[in-house]
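Proteins get letters first, then strands, A, B, ... in listed order; numbering begins at 1 in each.
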There are 2 protein chains.
Amino acid sequence: MASERVRPYHHGDLRRALLRATIEVIAERGPSAVSMREVARRAGVSHAAPAHHFGDKAGLLTAVATEGFTLLAESLRGAQERTGEFLEIGVAYVRFAVSNRAHFALMFRPDLYRADDPQLVAAKQAAARFLYGPAAAASGRRAGRGRDAGIAAWSLVHGFATLLLDGNLPPAARRDPEAAARRAASHLFGAHRG
Amino acid sequence: MASERVRPYHHGDLRRALLRATIEVIAERGPSAVSMREVARRAGVSHAAPAHHFGDKAGLLTAVATEGFTLLAESLRGAQERTGEFLEIGVAYVRFAVSNRAHFALMFRPDLYRADDPQLVAAKQAAARFLYGPAAAASGRRAGRGRDAGIAAWSLVHGFATLLLDGNLPPAARRDPEAAARRAASHLFGAHRG
DNA sequence: CGCCTGATCTTGTCATTGACAAGATCGGGC
DNA sequence: GCCCGATCTTGTCAATGACAAGATCAGGCG
């Protein structure tokens with residue numbers, strides 16, 4: 001009677017499949033619509049299987065958010081190594097938000113996951129370094145100014161990305177987010193001499 | 001046996017009491033932890049009472065978000081009338097986020113409420129006008145530049161506010177958010193001549 | 001070759017929640 | 001004095017998150 005068994009008892013890489021399914025649900029219905037049972041259904045396993053890998057719902061979302069911060073850090077690192085320009089790191093931030101909407105939408109909703117999780121904190125700090133560090137170098141030599149510039153830069157690109165994803169920016173910005181982000185970001189650091 | 005009846009059958013101003021209770025829950029446990037039944041318990045009514053006033057959970061949160069955008073618009077208007085300076089409108093934006101954390105935390109989670117609700121859209125646009133309008137005037141006369149400047153300004157103060165509330169900014173910024181916001185915002189519009 | 005130990009996944013259950021239906025209570029107009 | 005609609009309650013159902021207990025499998029070790 002086991003002739004039509006399609007899937008084995010052991011999934012093989014269920015953990016990854018669950019992460020993928022979670023991303024899918026977030027992309028379709030938003031981070032707050034994620035349910036462990038729906039995720040389990042999409043992965044083709046029983047309703048309690050996700051709990052084994054992630055403990056609880058917050059654990060699942062913590063894993064997705066951590067993955068997101070890691071991917072973001074890699075994107076920012078890539079932009080820095082390719083261009084060396086701080087402006088382009090900001091543009092890469094926005095590009096990440098657009099091409100990884102689901103991850104990004106979850107990453108800044110700390111009430112949905114465990115914001116104090118050590119791995120998550122480490123991944124977040126790794127990403128933050130690419131925004132704080134270069135900003136300090138790119139601005140004057142005064143003590144507090146570097147940090148202020150970093151805050152301003154991160155605030156601008158982060159605000160731009162979140163407003164964009166929530167549909168709060170004009171159609172032109174939605175059509176070509178990268179160009180709009182570059183124009184907006186160029187208002188910092190005196191690059192707007194036109 | 002009705003001698004100890006404490007509360008009347010009709011609450012008097014249940015709608016407002018429910019909004020207050022919702023704000024309370026958001027402040028304590030975040031927007032995603034709001035439950036109609038908990039809100040009803042805090043208001044001292046039955047579990048189905050909120051549905052009568054707001055239809056469903058999304059309706060309740062839509063009402064709270066609308067109230068938030070209205071309050072925000074009033075704050076921005078106040079800043080504009082008092083100071084006339086665009087920078088101070090941005091600072092008022094951050095001040096609103098800090099002193100109305102619960103409202104602000106919900107306002108930019110459109111997956112929790114009905115983002116296409118007419119009253120909400122109107123309230124949001126009213127607030128947005130104070131950020132787009134003056135920015136256009138404060139920057140050059142060229143066509144697109146005003147809008148770009150508005151986007152940059154709104155992005156910066158919005159990003160600053162959200163990063164601040166999520167605990168992603170350095171301790172110094174958390175201790176005196178208004179001053180930090182003013183320093184960050186002054187990086188726009190050429191005010192950073194130090 | 002056979003066992004057996006732990007990791008993986010399932011089934012079953014319970015309290016909580018959101019939504020709906022039906023009924024009770026109240027207030028104000030006629 | 002009555003009635004009608006607004007307000008609020010009680011009762012119910014499916015879905016969910018969390019937990020407990022059991023089934024299945026893989027790989028090491030005799």
Any B:His52 side-chain N or O less than 4.0 Å from OP1/OP2 of D:dC8: no

Which atom pairs link the protein and nucleotides 18-21 of chain D when you take only N or O atoms and keep those under 3.5 Å?
from	atom 1	to	atom 2	distance (Å)
D:dA18	OP2	A:Lys57	N	3.0

Side-chain N,O (B:Arg15) to OP1/OP2 (D:dA6) below 4.0 Å: no

For B:Asp176, all residues meeting side chain to side chain donor-acceptor pair (under 3.5 Å), sequence neighbours excluded: none

Whole-Å distance separating the CG atom of A:Leu18 from the P atom of D:dG17: 13 Å

Whole angstrom value for the distance that separates P of D:dA14 from CZ of A:Arg41: 15 Å

Identified side-chain contact (heavy atoms from CB on, under 4.5 Å) partner of A:Pro50 from the options A:Leu18, A:Thr22, A:Leu14: A:Leu18

A:Phe54 CZ - D:dG17 C1' separation (whole Å): 16 Å

Sugar-phosphate only, base, or nothing, as touched by A:Val39 at under 4.0 Å among non-hydrogen atoms: nothing

Residue A:Val45, side-chain atoms from C-beta onward, closest of C:dT17, D:dT7, C:dT10: C:dT10

side-chain contact (heavy atoms from CB on, under 4.5 Å) partners of B:Leu165, counting only residues at least two apart: B:Ala97, B:Arg101, B:Phe104

Interatomic distance, A:Glu38 CD vs D:dT16 P [rounded to whole Å]: 7 Å

Residues that B:Asp166 engages under side chain to side chain donor-acceptor pair (under 3.5 Å), provided they are two or more places apart: none

A:Asp56 and A:Arg114 ion-paired at < 4.0 Å: yes

Rounded distance in Å - CG (B:Asp13) to C1' (C:dG27): 16 Å

Side chain to side chain donor-acceptor pair (under 3.5 Å) partners of B:Glu24, counting only residues at least two apart: B:Arg42

Spacing of B:Leu61 atom CG relative to C:dT17 atom P, expressed in whole Å: 15 Å

Any B:Ser35 side-chain N or O less than 4.0 Å from OP1/OP2 of C:dT16: no

Atom-to-atom span, CG of B:Leu14 to P of C:dT25 - whole angstrom: 18 Å

Pairing residues for A:Arg174 by the side chain to side chain donor-acceptor pair (under 3.5 Å) criterion, not counting sequence neighbours: none

